[in-house]
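Numbering of ligands and ligand atoms starts at 1, following listing order. Just the heavy atoms: all of them, side chains too, but no hydrogens, waters or symmetry mates, feed the values below.
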Amino acid sequence: METEHGAVETPMFMPVGTQGSVKAVEHRELLELGVQIILGNAYHLYLRPGMEVIREAGGLHRFVGWERPILTDSGGYQVFSLTDLRRIEDKGVTFRSHLDGSTHVFSPESVVTIQRELGADIMMVLDECTPYPCELDYAARSNALTLRWAERCKEAFEKDGPRYAHGQALFGIVQGSVYREVRERSAEALVKIGFDGYAVGGLAVGEPVETMYEISEVCDAVLPREKPRYLMGVGTPANLLESVERGMDLFDCVLPTRNGRNANVFTRSGGLNLRNAIYKADFAPVDPECSCYTCSNFTRAYLRHLFQAKEILALQLATIHNLAFYLWLMREMRKVILDGRFRAWKLEMLAKLSGGESMVQ
Ligand SMILES: [Zn+2]
């Protein structure tokens, strides 16, 4: 996937940098890890520091000092999940800031303007992310609204060009909860409107994992092969393996970063909880097969000590390793896809990953 801030190899995992920062890691570490694209969030950045500061800084890339691609979420998801006081109408969604209770309106047009001003390489349309469970009737009505909003986002996107010296792309978002026919309708209508890429939203919200895979297959069948597909908010290493097999290209999730900060680390043979007493004098690296900075220099015992002592370095080292693991997983997938041995390798990986301790999902 080409952007003016560089190419993104797919399939790819995008670390979450909600506030313009991937929690607990410096940009130079992200670069060292081979991170090619990060996420920012329009809702959070719009509320704080606010668009005036971003505009004055010359856009998000300059403000945060990141020269590679950035994708911003429109903020719809946060409006629906973070704020309790909200009103959804055709014109847009009225909500109260989770910071100070002030009232704001996000419309399809305003989220395009906000993301133009942020200067994201990839912008997302405004959508309603339906909760789970969700009645068929609600899913269908909500999806109709999401499609009307998608059309208005596209119009606003075409009317109003980029603010900075680089181009921007706009992705549509397939909704429709767990209902095949609503998902199909949603994907078909979005393709008709025409976007640079397509996201599948409203999954990984509590539905059974088999349902998530089934809906990914439904979307895969409708969405154009030559455009990137982005499965939003997913997921565990096993989810990534299964979803790539089902034609998904891009992923974002707080799991590697959030779990890392909670002493939960991913390894090639399953997850570990570094707070466990069994690691007290375990002088092996977190993952003996990993070549990241953490695994090359430190032991499980040291990381456990840092977590016990509530040292900031614990969060940094665990996050670095977890991101290294996710990026390694994606790199391996790209390799075995090209070698034509994805399926056999996937089965082998799934068996290995099912070892270890239970992880926070
Ligand atoms: Zn490592």
Looking at Y179 and L136, would you say the former's side chain and the latter's main chain have a donor-acceptor pair under 3.5 Å? yes
Does K335 come within less than 4.0 Å of E332, counting only side-chain N to carboxylate O? yes
Under the ring-ring contact (aromatic ring centres under 6.0 Å, His included) test, which residues partner H61, sequence neighbours left out?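 With neighbours one apart ignored, the set is H5, H166.
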For L303 versus L317, what's the shortest heavy-atom pair and its separation?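 Looking at all heavy atoms of both residues, the closest pair is CD1-CD1, 4.0 Å.
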Under 2.8 Å from the Zn ion (ligand 1), how many protein N/O/S atoms do you get? Just the number, please.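 For the Zn ion (ligand 1), protein nitrogen, oxygen or sulfur atoms under 2.8 Å: 4.
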Results of side-chain hydrogen bond (donor to acceptor under 3.5 Å, both in side chains) for D196 - residues two or more places apart only: none
Can you list every side chain to side chain donor-acceptor pair (under 3.5 Å) pair that touches residues 294-316, not counting sequence neighbours?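 Those involving residues 294-316 are D282-R300.
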